[in-house]
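I have placed the structure first, in the form of structure tokens, so that the comments after it can refer back to it.
Residue numbers begin at 1 in each chain, while the letters A, B, ... track the order of the sequences.
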Amino acid sequence: MEMETRYNPKIVEDRWHAQWEKNNDFAPSGKGEPFSVVIPPPNVTGALHLGHALNDTLQDILVRYRRKTGRDTLWIPGTDHAGIATQAVVEKRLFQDEHKTRHDIGRDALVERIWKWKDEYEARITKQLKSLGVSCDWSRQRFTLDPVCAKAVRHAFFNLFKKGLIYRGKRLVNWDTKLQTAVADDEIYYETVKGHFWTFKYPLADGSGFIPVSTTRPETIMGDTALAVHPNDERYKQFIGKMLKVPFVNREIPVIADAILVDMEFGTGSVKVTPAHDPNDYATGLRHKLPMINIMNDDGSLNENAGPFQGMKGQAARDAVVKGLEDLGLLIKVEDHEMQVGHSDRSKTVIEPYLSDQWFVKMDVLADNAMNAVTSGEIKIIPERYANKYLDWLKEKRDWCISRQLWWGHRIPIWHADETTTEEDLNKAFAGRNDIYYYKAQNGIWLICSEEENLKEDAVAGHKIVQEEDVLDTWFSSGLWPHSTMGWPEQTDTLKKYYPTSVLVTSRDIITLWVARMVLFSQENMGTVPFHTVYIHPKILDGNGMTMSKSKGNGVDPMDIEKKYGTDALRFVMASLCTDNQDVRLPVKKEKQEDGSVINTSEKFEIGRNFSNKLWNACRFLFPHLEQAGALSKDILPMDPALFALEDRWILSRLNSTIQDATKMLEEFHFAELAGFLYRFVWDDVCSSYLEIKKAVINSETLTAEKKNAMAILSHVLRGVIDLLHPVMPFITEELNATLFPGSERVINSAWPKADTSLIDAKIEAAFNQAFAVVESVRGVRGRYNVSPATKLKAVVSVDDAATEANVKDCQAIITELGGLESFSVAVKAAKPKFSASSVVPGGELYIPLEGILDPAAEIARLEKEIEKAKAFAASIEKKLSNQKFVNGAPEAVVNAERTKLATQREIIAKDEAALKDLR
RNA sequence: GGACGAUUAGCUCAGCUGGUUCAGAGCGUCUGCCUUACAAGCAGAAUGUCAGCGGUUCGAAUCCGUUAUCGUCCACCA
């Protein structure tokens with residue numbers, strides 16, 4: 001068998017996708033302590049982007065790691081119906097393709113179309129996730145709108161309703177006049193809009209004068225129910241309590257005093273109060289028990305309360321009102337004014353504050369509990385700083401508006417009885433039903449909440465009941481995700497075993513919207529928190545610090561990267577980007593593909609590809625030698641410690657340190673450091689150092705005892721590397737394992753390595769590093785004189801004492817092999833050969849004869865430069881040491897370290913000066 | 001306006017409890033190599049007022065204050 005000269009991800013990935021699936025490796029083993037994770041469900045709005053790739057790679061790293069440590073691992077996948085976002089996309093498509101609105105085709109037809117969209121995108125998302133190699137248990141895939149989740153939603157709603165934690169009320173909401181639904185605060189973005197500031201006269205009802213008032217929204221005048229002034233404002237004090245007449249509609253409204261709403265210094269110091277169309281005015285209305293007059297229809301046009309302006313909309317209405325004020329002689333002035341205007345994220349239209357009937361969840365107690373979970377430490381948020389965000393948001397305890405006037409979502413399980421329905425009717429109809437609960441609303445109408453999905457219109461004899469049209473906010477169902485995915489409210493085996501989940505991995509922008517909701521719902525429904533650890537990972541931005549998005553055209557498709565660099569490469573780079581930072585920049589560039597298409601990619605991913613290839617080639621190099629040694633087997637070739645050379649002990653020390661480090665980094669969610677440790681171990685320690693040192697031994701044609709032992713050591717090291725790297729790079733590790741150790745257990749299931757700390761030896765690592773310093777000096781000479789690596793050099797090391805001589809002799813193989821030497825000698829105070837280049841090394845000096853090549857002038861220049869540098873360094877240390885405060889104040893070890901440093905610099909100076917003398 | 005974060009090599013980022021990991025890594029640049037695993041590679045080299053200012057300290061990239069710039073979130077602008 002021959003291994004290919006380059007790692008070919010495509011073939012390998014296909015093979016292992018199939019193998020894992022065939023062997024059902026992603027399902028829980030049923031053995032060991034449970035470890036469970038629920039995926040943050042991607043929206044079915046569109047395809048996955050790089051942020052998802054990061055999120056899911058990190059989860060998979062954790063899941064694969066835990067699986068290998070013997071935990072009974074379950075990762076539940078799924079997608080989110082993403083109410084408004086998805087409906088908006090489909091409506092937009094409908095309009096583009098057929099010039100129809102949802103009202104043209106009706107609720108059922110629209111919902112049907114959205115399901116089609118969902119099926120398409122869910123399939124695409126699933127394909128992307130699988131392609132990424134994430135080890136979710138696909139047999140348990142959920143969708144927030146599927147029957148299992150729907151049942152959980154109805155049950156949760158029912159319980160909250162019964163407890164009085166859900167209520168219906170008139171509230172000012174953010175109204176999207178295009179989509180004709182309430183939207184959440186976080187679905188709004190603000191844009192600076194150039195507008196005007198109109199000042200006009202508000203006439204007193206008794207005709208005795210007027211009060212000047214300014215507004216940016218004159219069209220709301222007809223909804224005014226008061227005019228507010230500051231109680232301490234001398235200009236207006238006299239008017240407080242008097243009545244004003246609203247222009248156009250001739251209603252009388254009072255002048256009220258309100259210190260909260262009014263800033264005396266601003267504008268005219270008076271504010272018209274329109275409680276039904278402005279949040280601050282709304283609050284003022286509540287404080288003063290003012291009437292709230294809605295002057296708007298669902299589509300944003302003015303209604304019958306707007307008098308002569310009924311039917312007008314937006315700018316036209318505004319212009320007409322201004323014109324009207326002018327005609328009445330009430331307009332005083334118009335100024336330009338810039339303001340921040342809320343726009344709907346989904347429809348891009350201006351948001352209208354709008355008074356309407358909505359459903360709410362009472363937050364006070366729920367929020368308290370959710371805060372306690374974090375303040376008590378029951379839930380740990382990593383990095384810690386994000387806990388503040390969570391707590392600050394919950395602290396406000398704002399009731400949660402859960403109704404949306406959409407068609408795509410969980411329909412609110414409430415039925416409205418007709419006016420003539422009585423309690424007796426309901427008692428009779430629902431006798432003995434504990435899945436039905438009803439109560440009488442303020443308006444005298446009975447509201448029936450049912451866990452049963454399809455309550456019939458005639459369920460109450462002689463009356464008609466009608467289901468609520470509204471659907472629930474998306475976050476209502478995603479808030480149930482950790483337990484709904486496990487089958488709650490049924491007490492399933494899954495729920496009993498795998499709930500609560502072990503860790504939640506998500507990004508910071510949904511800490512409040514999602515994480516907080518899951519916590520409070522879980523506490524309410526399950527009596528416990530949904531997870532004990534929340535890990536917040538950074539957000540990926542492009543090279544200019546902009547968030548990636550389709551509209552900006554700077555998004556990177558994970559599948560493009562997988563195709564170009566390999567999935568393991570993508571995953572490795574995702575992990576190495578994942579520092580403690582809140583944002584990570586990824587410079588993006590456009591690249592034309594062979595088929596003519598243009599993709600967004602990034603050079604950053606080359607690191608991952610190159611790393612895969614490096615590992616691949618190291619194994620390819622060793623393959624025939626392992627075969628010769630009989631190590632190509634699931635059975636372990638035993639090592640003989642009696643034959644260990646320094647480099648053997650060194651690589652085993654490094655391996656075990658790396659096991660220790662990698663394990664720690666995984667436990668602490670330090671993914672970038674994990675990737676760094678593994679990269680350096682494989683590339684620097686194994687490939688650049690160990691393999692190069694052992695090259696002569698490895699390449700020997702006969703299987704010497706030394707070679708056999710090296711193969712035993714290397715197969716041990718490679719097994720370690722394969723296991724350690726598997727969570728990050730699952731495909732290549734499985735492939736290498738199957739190639740090098742045929743018949744052995746798949747890496748996905750093999751045990752996570754345990755560090756043998758007795759093999760970690762700082763002394764050996766120090767000795768090795770000293771040898772390496774000599775090697776670097778030899779290479780430095782080579783570089784200076786452009787001596788080809790093919791040219792073998794002679795080297796002489798002169799050491800200061802016998803002890804150093806012994807140490808250097810121990811490292812002879814290392815120095816000879818890595819330095820590319822044909823001969824090497826070491827002696828105390830060895831003589832410098834003629835025409836030698838020299839280098840100071842720890843404890844001595846290195847001489848390399850270069851007759852015919854040596855350029856004395858260049859050597860002199862180099863030495864002078866080195867001396868100068870050493871002198872400057874020495875001077876700074878001397879200064880430090882002559883400072884009595886430092887010598888007395890600093891710990892002795894620090895002072896001694898400085899003295900050693902000084903001695904080293906002085907030695908370098910002395911040796912270089914001697915070498916200089918020799919050359920002149 | 002409030003909260004949080006960032007500012008270190010041309011780029012992307014490490015640098016945790018002040019002192020040998022203290023000024024680092026990868027990419028890029030420059031020099032030389034098709035050395036029998038890897039040119040997706042190997043060996044060298046260059047590159048920094050650690051954003052500015054002030055303070056604490058024997059000693060500051062690191063701690064404190066402050067200024068500037070950038071980012072994110074929250075609140076708000078009649």
Side-chain angles (χ1 to χ4, degrees), chain A residues 3 5-7 185-186 190 197 213-217 220 227-228 261-263 266-274 278-281 284 337-341 383 385-386 388-389 392-393 396 508-509 511-512 539 541 543 545-547 565 569 576-577 579-587 602-604 606-625 670 672-673 676 679-680 683 687-688 691-692 695 698-699 776 778-791 818 820 880 883-891 893-895 897-898 900-901:
Chain A
M3 286 172 71
T5 53
R6 281 189 181 183
Y7 173 56
D185 291 343
D186 47 83
Y190 287 86
F197 203 38
V213 63
S214 299
T215 180
T216 55
R217 303 193 57 199
T220 61
L227 185 85
L261 181 67
V262 182
D263 172 3
F266 188 86
T268 55
S270 60
V271 185
K272 64 188 225 37
V273 184
T274 322
D278 181 276
N280 291 308
D281 293 5
T284 310
H337 186 71
E338 274 195 1
M339 55 196 164
Q340 298 284 310
V341 177
R385 66 185 120 95
Y386 290 114
N388 285 334
K389 191 175 167 179
D392 288 348
W393 185 79
E396 296 189 26
R508 67 192 141 86
D509 34 14
I511 292 172
T512 52
K539 225 175 140 164
L541 309 176
M546 308 294 277
T547 52
Y565 297 104
S576 45
L577 285 176
T579 61
D580 188 36
N581 215 327
Q582 66 169 359
D583 296 320
V584 161
R585 288 186 184 205
L586 186 85
S602 175
E603 288 180 357
K604 275 261 173 190
E606 286 179 11
I607 300 166
R609 178 197 58 184
N610 296 354
F611 184 49
S612 311
N613 196 49
K614 186 74 179 177
L615 177 62
W616 180 262
N617 270 294
C619 293
R620 182 168 78 92
F621 167 51
L622 291 171
F623 184 80
H625 304 290
H670 290 141
E673 288 181 69
Y679 183 91
R680 287 190 298 272
W683 200 299
C687 295
S688 298
L691 283 186
E692 295 299 332
K695 208 159 228 178
I698 293 167
N699 280 330
E776 277 171 356
V778 176
R779 286 172 170 175
V781 171
R782 236 181 234 290
R784 255 182 275 148
Y785 290 101
N786 282 338
V787 181
S788 141
T791 310
L818 294 186
K880 211 178 212 181
N883 179 347
Q884 279 310 306
K885 281 182 179 172
F886 170 69
V887 178
N888 298 331
V894 173
V895 178
E898 291 296 323
T900 311
K901 258 197 265 183

Of all heavy-atom pairs between L622(A) and I698(A), which one has the smallest distance, and what is that distance?
CD2-CD1, 4.0 Å

Closest approach to the side chain of R779(A), judged atom by atom: which nucleotide of rC13(B), rA37(B), rA43(B) is it?
rA43(B)

Could you check whether R6(A) gets within reach of a base, just the sugar-phosphate, or nothing at all, counting any heavy atom under 4.0 Å?
base

Rounded distance (Å) that lies between atom C1' of rC70(B) and atom CZ of R585(A):
8 Å

Exam field: side chain N617(A) to backbone R6(A), donor-acceptor pair closer than 3.5 Å:
no

Output the pairing pattern of RNA chain B as a dot-bracket string, 5' first, Watson-Crick or G-U wobble with both distances under 3.5 Å, | for cross-strand pairs, [ ] for crossing pairs.
(((((((..((((.....[....)))).(((((.......))))).....(((((..]....))))))))))))....

Using a 4.0 Å heavy-atom cut-off across all strands, classify C687(A) as base, sugar-phosphate, or nothing.
base

Taking all non-hydrogen atoms of both residues into account, name the closest pair between T268(A) and V213(A) and its distance.
OG1-CA, 3.6 Å

Need to verify one output field. Residue with the more 5' nearest nucleotide on RNA chain B, W683(A) or E396(A)?
W683(A)

What's the closest nucleotide to the side chain of E776(A) if the choices are rC13(B), rA40(B), rG44(B)?
rG44(B)

Quick one: is rA40(B) close enough that its OP1 or OP2 comes under 4.0 Å of any side-chain N or O from N617(A)?
no

Looking at the angle O4'-C1'-N9-C4 for a purine or O4'-C1'-N1-C2 for a pyrimidine, is rU72(B) syn or anti, with syn meaning within 90° of 0?
anti

Please tell me which of the listed nucleotides, rC42(B), rA37(B), rG5(B), lies nearest to the side chain of S688(A)?
rC42(B)

Pull out every protein N or O sitting under 3.5 Å from an N or O of nucleotides 14-24 of chain B, one pair per line with the distance.
residue	atom	partner	partner atom	Å
rA14(B)	OP1	T579(A)	OG1	2.6
rA14(B)	OP1	N581(A)	ND2	3.4

Once you apply a heavy-atom cut-off of 4.0 Å, does Q582(A) come out as touching a base, just sugar-phosphate, or nothing?
base

Tell me if rU17(B) is syn or anti. Syn = glycosidic torsion within 90° of 0, anti otherwise.
anti

Considering only NZ, NE, NH1 and NH2 on the basic side and carboxylate oxygens on the acidic side, decide whether K389(A) and D509(A) come within less than 4.0 Å.
no

If you find the nucleotide of RNA chain B closest to V887(A) and the one closest to F197(A), which residue's nucleotide is nearer the 5' end?
V887(A)

Check the orientation of F611(A) and Y679(A). Use parallel for under 30°, tilted for 30 to 60°, and perpendicular for over 60°.
tilted

In chain order, what residues pass the salt bridge (Lys or Arg N to Asp or Glu O under 4.0 Å) check against K614(A), with sequence neighbours excluded?
none

Contact class for R782(A) vs. all strands (heavy atom < 4.0 Å): base, sugar-phosphate, or nothing?
nothing

Where do A672(A) and S576(A) come nearest, in terms of heavy atoms and distance?
CB-O, 3.4 Å

For atom CG of D509(A) and atom P of rU72(B), their distance in whole Å:
12 Å

For V273(A), report the nucleic acid contact type (base, sugar-phosphate, nothing); a contact means any heavy atom under 4.0 Å.
nothing

Could you work out which one of rG44(B), rG26(B), rG71(B) sits closest to the side chain of Y679(A)?
rG26(B)

What's K604(A) touching, base or sugar-phosphate or nothing? Going by heavy atoms closer than 4.0 Å.
base

Of the listed rA37(B), rG44(B), rC58(B), the closest approach to the K614(A) side chain comes from rA37(B)

E776(A)/R779(A) salt bridge by N-O under 4.0 Å criterion
no

Say whether, by atom type as modelled, one donor and one acceptor occur between the side chain of R782(A) and the main chain of T791(A) under 3.5 angstrom.
yes

Which part of the nucleic acid, if any, lies within contact of G676(A), taking any heavy atom under 4.0 Å across all strands shown: a base, the sugar-phosphate backbone alone, or nothing?
nothing

From C-beta outward on R609(A), which listed nucleotide comes closest to its side chain: rA40(B), rA37(B), rC58(B)?
rA40(B)

Residues T220(A) and K272(A): side-chain donor-acceptor under 3.5 angstrom
yes

With a 4.0 Å cut-off, would you call R385(A) and D580(A) a salt bridge?
yes

For E692(A), report the nucleic acid contact type (base, sugar-phosphate, nothing); a contact means any heavy atom under 4.0 Å.
base

